[in-house]
Amino acid sequence: MVTIEYSKAHVNLADQVYEPAEDSYLLADTALEFVKDGMDVLEIGTGSGFVSAVIKANRKVKLLATEISPLAAICARSNGIDVIRTDMFAGLKGKEQFDIIIFNPPYLPTSDDEKIPGWLNYAFDGGIDGRKDVVPFLQKAGNYLKSDGIILLLISSLTGVDEVVMEIEKARFRPEIVSSTKCSFERLVVIKGANID
Ligand SMILES: C[S@@+](CC[C@H](N)C(=O)[O-])C[C@H]1O[C@@H](n2cnc3c(N)ncnc32)[C@H](O)[C@@H]1O
């Protein structure tokens with residue numbers, strides 16, 4: 001079994017589960033700037049559980065994650081993450097409210113002939129414009145946030161930063177780019193959305 005070590009976390013990887021990459025590292029580092037001890041944290045699409053494991057290794061928080069892929073859910077559980085296998089927020093009871101909701105979504109624009117077989121497609125396939133999962137996430141996240149809560153959303157320049165910022169505003173969050181890094185053919189960006197209401 002392959003295990004990686006990062007920022008005090010030890011994370012087991014598995015076949016057909018997204019292997020943490022520059023996007024995961026940027027989101028984990030950024031999350032540590034915002035997550036404080038005692039917070040309630042939700043990660044959507046936890047994959048191997050990498051980002052959640054880094055948070056848990058460095059902060060005393062209550063952390064819950066969701067994941068659509070059964071293979072990734074099993075992997076994340078092996079890394080000590082409390083995971084509900086579900087589509088985005090669907091398996092939550094509906095009453096939970098979090099201080100921070102984190103998502104590194106499938107963000108790459110993907111045509112039908114670029115899809116890959118198996119569960120791993122869910123890690124990459126952002127639909128034709130890269131925003132297939134970003135928009136529903138933004139529409140639903142507010143229902144699960146405390147009034148002073150924030151979202152941290154990772155996207156790529158290929159997803160369309162201006163378009164995502166507009167969607168964030170439409171969903172009644174105040175957007176702010178809080179970190180970014182250049183990564184070969186794209187720029188990775190973490191956008192914070194603070195509840196306006
Ligand atoms: C880019 S990967 C990120 C994985 C991990 N969070 C990381 O940063 O290394 C996106 C993850 O979201 C999951 N995912 C995609 N659509 C989802 C959905 N509708 N609900 C829950 N998880 C989803 C994928 O299976 C994949 O594990």
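Each ligand, and each atom within it, is numbered from 1 in the order the structure gives. All values below were derived from every heavy atom in this structure, side-chain atoms included, with hydrogens, water molecules and symmetry-related copies excluded.
For Glu19, the closest heavy-atom approach to ligand 1 does not fall below 4.0 Å. Taking a 4.0 Å cut-off on heavy atoms, Thr86 registers as neighbouring ligand 1.
In terms of heavy atoms, Ser48 sits closest to Pro20 at OG-CG, 3.8 Å. In terms of heavy-atom proximity, Pro105 sits nearest to Val134 at CG-CG2, 3.9 Å.
Note that CG of Asn195 is 5.0 Å distant from CG of Leu145, once rounded to the nearest 0.5 Å.
Two residues are said to be in side-chain contact when any heavy atoms from C-beta on lie closer than 4.5 Å; Val35 and Leu63 fail this criterion. Using a 4.5 Å heavy-atom cutoff, the side chains of Asp125 and Asp133 are not in contact. A heavy-atom distance below 4.5 Å is not found between the side chains of Glu67 and Ile81.
Atoms of ligand 1 found under 4.0 Å from any heavy atom of Val51, numbered from 1 in the order shown, are 8 (O). Near Tyr18, meaning under 4.0 Å from any of its heavy atoms, are these atoms of ligand 1: 2 (S), 3 (C), 4 (C), 9 (O). Taking every non-hydrogen atom of Pro105 and a distance limit under 4.0 Å, the qualifying atoms of ligand 1 come out as 1 (C).
Under the 30°/60° scheme for interplanar angles, the aromatic rings of Phe103 and Phe137 are found to be tilted. The aromatic rings of Tyr25 and Phe50 lie perpendicular to each other, with more than 60° between the two planes, well past the 30° mark.
For Asp23, the salt bridge (Lys or Arg N to Asp or Glu O under 4.0 Å) criterion is met by no residue, not counting sequence neighbours. Looking at residues two or more places apart in sequence or on another chain, you find a side-chain contact (heavy atoms from CB on, under 4.5 Å) between Arg187 and Ser157, Ser180, Lys182, Val189.
With respect to atom 15 (C) of ligand 1, the closest heavy atom belonging to the protein is Tyr122 O, 3.2 Å. With respect to atom 5 (C) of ligand 1, the closest heavy atom belonging to the protein is Thr46 O, 3.3 Å. From the protein, the heavy atom lying nearest to atom 20 (N) of ligand 1 is Met88 N, 2.7 Å. The nearest heavy-atom contact from the protein to atom 10 (C) of ligand 1 is Asn104 O, 3.2 Å. In terms of protein heavy-atom proximity, atom 7 (C) of ligand 1 is closest to Ser24 OG, 3.4 Å. In terms of protein heavy-atom proximity, atom 19 (N) of ligand 1 is closest to Asp87 OD1, 2.8 Å. Of the protein's non-hydrogen atoms, Glu67 OE2, 2.5 Å is the one closest to atom 25 (O) of ligand 1. Looking at atom 17 (C) of ligand 1, its nearest protein heavy atom turns out to be Ile68 CG2, 3.7 Å.
The shortest N or O to N or O distance between Thr66 and ligand 1 is not under 3.5 Å.
With distances taken over non-hydrogen atoms, the option nearest atom 6 (N) of ligand 1 out of Gly45, Gly47, Gly91, Cys75 is Gly45.
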